[in-house]
Amino acid sequence: MSAQAELAELLEHASKLLELLGADSFRASAHARAARAIEGSQVDLVAMARSLPAQEAKRELVKVEGIGPKMAEKAIEFASTGRVAEIDALAAQVPPGLIALLGLQGVGPKTVRMFWTDAGVTDLAGLVRIINDGTILTLPRMGAKAVEKLKAAVALASESGQRLALGQAWTVAERLVERLMAVPGVSRVEPAGSLRRGKETVGDLDLLVVSGDSAAVVKAFIGMPDVRQVLASGERRASVRVGVKAHSRYDQGAAEGAGSTAGPSVQVDVRVIDADRFGAALCYFTGSKEHNVRLRQRALDMGLTLNEYGLFPNDTSTNVPPHERGIKPVAARTEAEIHAALGLVFIPPELREDRGEQALKETPRLIETSDIRAELHAHTTASDGLLSIVQLAQEALRRGFHTIAVTDHSQSSGQSGGLKPARLREHIKAVRAARAEVPGITILTGSEVDILPNGRLDYDDQLLAELDVVVASPHAALTQDSAAATERLVKAVSHPLVNVLGHPTGRLLLRRRGLEPDLGAVLAAAKANNVALEINCHWMRLDLRDAHVRAAADAGCLIAIDCDVHHTEDFDNLRFGVSTARRGWLTPKACVNTWDAARLHAWLRRGR
DNA sequence: GCCGTTTTCGGCCCGACTGTTTTCAGTCG
């Protein structure tokens with residue numbers, strides 16, 4: 001983990017400690033806010049703090065919104081010693097096992113603190129003990145129902161309540177959207193939340209439904225076959241847990257039936273919305289939380305108040321919410337109306353992370369899936385793909401692409417059927433021969449060449465020079481230290497025959513951290529050598545990740561968005577790569593896959 | 001602990017749902 005991420009995690013931890021200690025809640029949230037500011041910073045604040053004298057570093061740090069003098073001092077202390085004494089002192093006052101209790105569903109800081117101070121609970125085992133011996137029922141607000149919920153939360157936590165990858169979440173969401181659309185009276189169903197923002201992992205699903213009969217929607221929803229548990233159910237909303245079917249080439253043998261009673265599950269919230277207030281609800285439930293807080297503050301500053309029912313004139317003389325007083329909203333039907341009424345340009349969902357999007361003067365023309373005209377990373381039966389060269393090219397043509405590159409694995413990737421030099425030479429001939437069979441698309445010869453741990457490529461230069469496209473990717477030695485990883489990747493992108501740096505870190509979401517190079521150094525080398533950095537679209541990779549894309553775009557680097565095709569359906573992952581690109585504020589012109597054939601082919605030939 | 005065309009002190013986003021309460025505290029999104 002980078003020092004920057006470690007500091008963010010430490011401040012987040014401090015925030016939890018403060019909550020458990022019953023400290024001022026605003027002080028606790030200030031720590032959480034500072035953690036987010038540091039985590040999301042484009043500049044490496046810890047490196048900056050190390051490189052400058054303390055006073056100067058402090059001046060720079062407090063320029064970051066959410067970081068004041070105290071947080072700046074903590075960051076500087078962390079940069080030089082790797083610790084923060086004040087946070088160590090907080091940690092010493094709180095039993096470490098309590099933190100895990102905060103992760104239990106329905107359990108917040110007040111409740112954990114109560115377990116601790118009133119019943120001496122210091123960890124999950126202690127909580128289980130007082131549940132089992134019945135002493136929990138003597139505690140405040142702990143009745144039979146509360147204890148039943150607590151038991152379920154403990155069971156869920158031990159079964160692992162981890163987040164879902166974006167691709168898995170969409171699979172579940174689309175199934176539910178289809179079922180809800182079939183409920184009589186329903187005219188519209190839209191996913192909101194982090195799914196709509198295209199975040200790489202999703203904690204739960206939010207579905208917004210337009211219907212004149214909310215009771216029917218709630219009833220149908222909580223009765224759906226995949227529902228394992230109903231968490232809450234009211235007039236206009238319901239929360240349930242739904243089984244998740246595991247399916248991935250990274251998930252061999254882990255398949256679970258979607259409706260089964262065991263295995264992974266995800267929380268799904270459904271809300272029934274009136275059509276004339278749909279924009280307000282969509283805006284509200286899409287988030288992010290931080291984006292919404294700033295949006296509501298902006299409304300207040302303008303004498304307005306924003307909630308999930310609309311944007312209203314603010315009336316401080318009453319506590320009754322405006323929608324209950326029959327007040328007509330200033331805007332509510334669409335998100336665009338609300339943004340406009342707040343003096344903002346329309347902000348695409350992927351940007352709503354409180355990373356400066358509310359200062360935009362015009363809506364950026366972000367990249368879209370329809371901009372993509374070429375695929376530069378695809379495998380055939382020659383290595384570990386399932387398609388022949390001709391089938392691959394036909395599928396690419398069917399999707400409207402002008403270019404497809406055949407990039408099978410190189411010799412070191414033995415487990416993936418990597419090609420020895422002699423076989424690659426044969427394969428090049430086969431690719432050229434296929435051109436006549438699929439007119440209307442350019443089929444390029446290529447290779448996904450391993451970047452060996454020392455940064456050398458897996459074929460000699462003479463062979464690489466025979467290819468139209470070289471995608472250089474790290475596959476092994478993905479735990480090497482940051483300095484070695486930086487040297488490795490810089491060396492690879494500095495090779496004159498490399499066109500694309502494939503899945504630059506090699507991470508697998510929720511599974512493998514991958515390389516953690518000095519990104520700035522890699523980006524500078526890529527830019528200097530006119531090499532594109534790949535956003536690998538597979539939803540288990542999404543590598544580059546969103547924050548890296550934004551840094552790359554800011555640095556003026558070229559980006560390639562590629563599906564790393566192994567099967568026909570891998571082309572469908574394009575939307576995940578594009579949403580990651582959009583989260584990195586990427587516009588089409590920096591993405592080589594959007595270029596017309598002449599420009600793309602000329603770029604690929606440079607250096608050859 | 002942060003922040004500032006109403007403020008350097010006194011604010012700090014808003015509502016639904018739940019369970020245990022007789023009017024509300026806590027959690028969640």
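Each chain gets a letter, A, B and so on, in the order the sequences are listed, and its residues count up from 1. Quick caveat, the model's predicted, so the values are computed rather than measured. The analysis underlying the following values was restricted to heavy atoms, covering all of them including side chains, and did not include hydrogens, waters or symmetry mates.
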[N] phosphate, OP1 or OP2: any side-chain N/O from [X] under 4.0 angstrom?
X        : N      : answer
A:Lys145 : B:dG19 : yes
A:Lys289 : B:dC28 : no
A:Tyr309 : B:dA16 : yes
A:Thr305 : B:dC14 : yes
A:His323 : B:dA16 : yes
A:Thr111 : B:dT27 : yes

> What does A:Leu295 touch in the nucleic acid at a heavy-atom separation under 4.0 angstrom: a base, only the sugar-phosphate, or nothing?
Replying inline: nothing

> When we call it a touch if two heavy atoms are under 4.0 Å apart, what does A:Ser233 touch: a base, just sugar-phosphate, or nothing?
Replying inline: sugar-phosphate

> Which residue, A:Val43, A:Leu52, A:Ile67, forms the side-chain contact (heavy atoms from CB on, under 4.5 Å) with A:Glu60?
Replying inline: A:Leu52

Can you check the [X] [atom1] to [N] [atom2] distance for me, whole Å?
X        : N      : atom1 : atom2 : answer
A:Arg271 : B:dC14 : CZ    : P     : 18 Å
A:Lys110 : B:dT20 : NZ    : P     : 18 Å
A:Arg196 : B:dG29 : CZ    : P     : 19 Å
A:Leu102 : B:dG26 : CG    : P     : 14 Å
A:Lys149 : B:dG26 : NZ    : C1'   : 12 Å
A:Leu104 : B:dT18 : CG    : C1'   : 17 Å
A:Leu61  : B:dG1  : CG    : C1'   : 15 Å
A:Leu11  : B:dG1  : CG    : P     : 11 Å

Looking only at atom [atom1], what distance separates [N] and [M], rounded to whole Å?
N      : M      : atom1 : value
B:dG15 : B:dT21 : P     : 27 Å
B:dT22 : B:dC28 : C1'   : 24 Å
B:dC9  : B:dC14 : C1'   : 25 Å
B:dC12 : B:dT7  : C1'   : 13 Å
B:dT8  : B:dC2  : C1'   : 12 Å

Anything under 3.5 Å between a donor and an acceptor, one on a side chain of residues 11-28 of chain A, the other on a protein residue two or more places apart or in another chain? List them.
{"residue": "A:Ser15", "atom": "OG", "partner": "A:Ala28", "partner atom": "O", "Å": "3.0"}
{"residue": "A:Asp24", "atom": "OD1", "partner": "A:Phe26", "partner atom": "N", "Å": "3.2"}
{"residue": "A:Arg27", "atom": "NH2", "partner": "A:Glu86", "partner atom": "OE2", "Å": "3.3"}

Can you figure out which of [options] approaches the side chain of [X] most closely?
X        : options                : answer
A:Phe285 : B:dG1, B:dT20, B:dG29  : B:dG29
A:Glu65  : B:dG1, B:dC17, B:dC3   : B:dC3
A:Arg33  : B:dC2, B:dT27, B:dG15  : B:dC2
A:Lys70  : B:dG15, B:dC3, B:dG1   : B:dG1
A:Asp204 : B:dG19, B:dG29, B:dT27 : B:dG29
A:Pro322 : B:dG1, B:dC17, B:dG15  : B:dG15

>> Both A:Glu86 and A:Gly234 contact DNA chain B. Which one's nearest nucleotide lies toward the 5' end?
In response: A:Glu86

>> Pick the closest DNA chain B nucleotide for A:Gln267 and for A:Met71 by heavy atoms, then say which residue is nearer the 5' end.
In response: A:Met71

> Can A:Arg575 be said to sit on top of A:Trp170's aromatic six-ring, NZ or CZ under 6.0 Å from centre and within 45° of the ring axis?
Replying inline: yes

>> Are there over 12 heavy-atom neighbours, none belonging to A:Glu174, within less than 6.0 Å of that residue's CD?
In response: yes

> For DNA chain B, which residues in residues 326-350 of chain A have a heavy atom at a distance below 4.0 Å?
Replying inline: none

> Is the glycosidic angle of B:dT21 within 90° of 0, making it syn, or outside that range, making it anti?
Replying inline: anti

With a cut-off of 3.5 Å and sequence neighbours excluded, list every side-chain donor-acceptor pair involving residues 131-141 of chain A.
{"residue": "A:Asn132", "atom": "ND2", "partner": "A:Val128", "partner atom": "O", "Å": "3.4"}
{"residue": "A:Asp133", "atom": "OD1", "partner": "A:Thr135", "partner atom": "N", "Å": "2.9"}
{"residue": "A:Asp133", "atom": "OD1", "partner": "A:Thr135", "partner atom": "OG1", "Å": "2.8"}
{"residue": "A:Thr138", "atom": "OG1", "partner": "A:Thr135", "partner atom": "O", "Å": "2.6"}

Sub-3.5 Å pairs of nitrogen or oxygen atoms, protein against nucleotides 5-12 of chain B:
none

>> Can you pull out every ring-ring contact (aromatic ring centres under 6.0 Å, His included) where at least one residue sits in residues 69-124 of chain A? Sequence neighbours excluded, please.
In response: none

> Does B:dG1 pair with anything, Watson-Crick or G-U wobble, both distances under 3.5 Å, and if so, with which nucleotide?
Replying inline: B:dC12

> Between A:Asn292 and A:Lys289, does a side chain to side chain contact (heavy atoms under 4.5 Å, CB included) hold up when you go through it step by step?
Replying inline: CA-CA 5 Å; A:Asn292 281 352; A:Lys289 195 175 168 204; 5.8 Å; no

>> Taking ring pair (Phe, Tyr, Trp, His ring centres under 6.0 Å) as the definition, give me every residue that meets it alongside A:His323, ordered by chain and number, with sequence neighbours left out.
In response: A:Tyr309

> Is there side-chain contact between A:Pro53 and A:Gln55, with at least one heavy-atom pair below 4.5 Å?
Replying inline: no

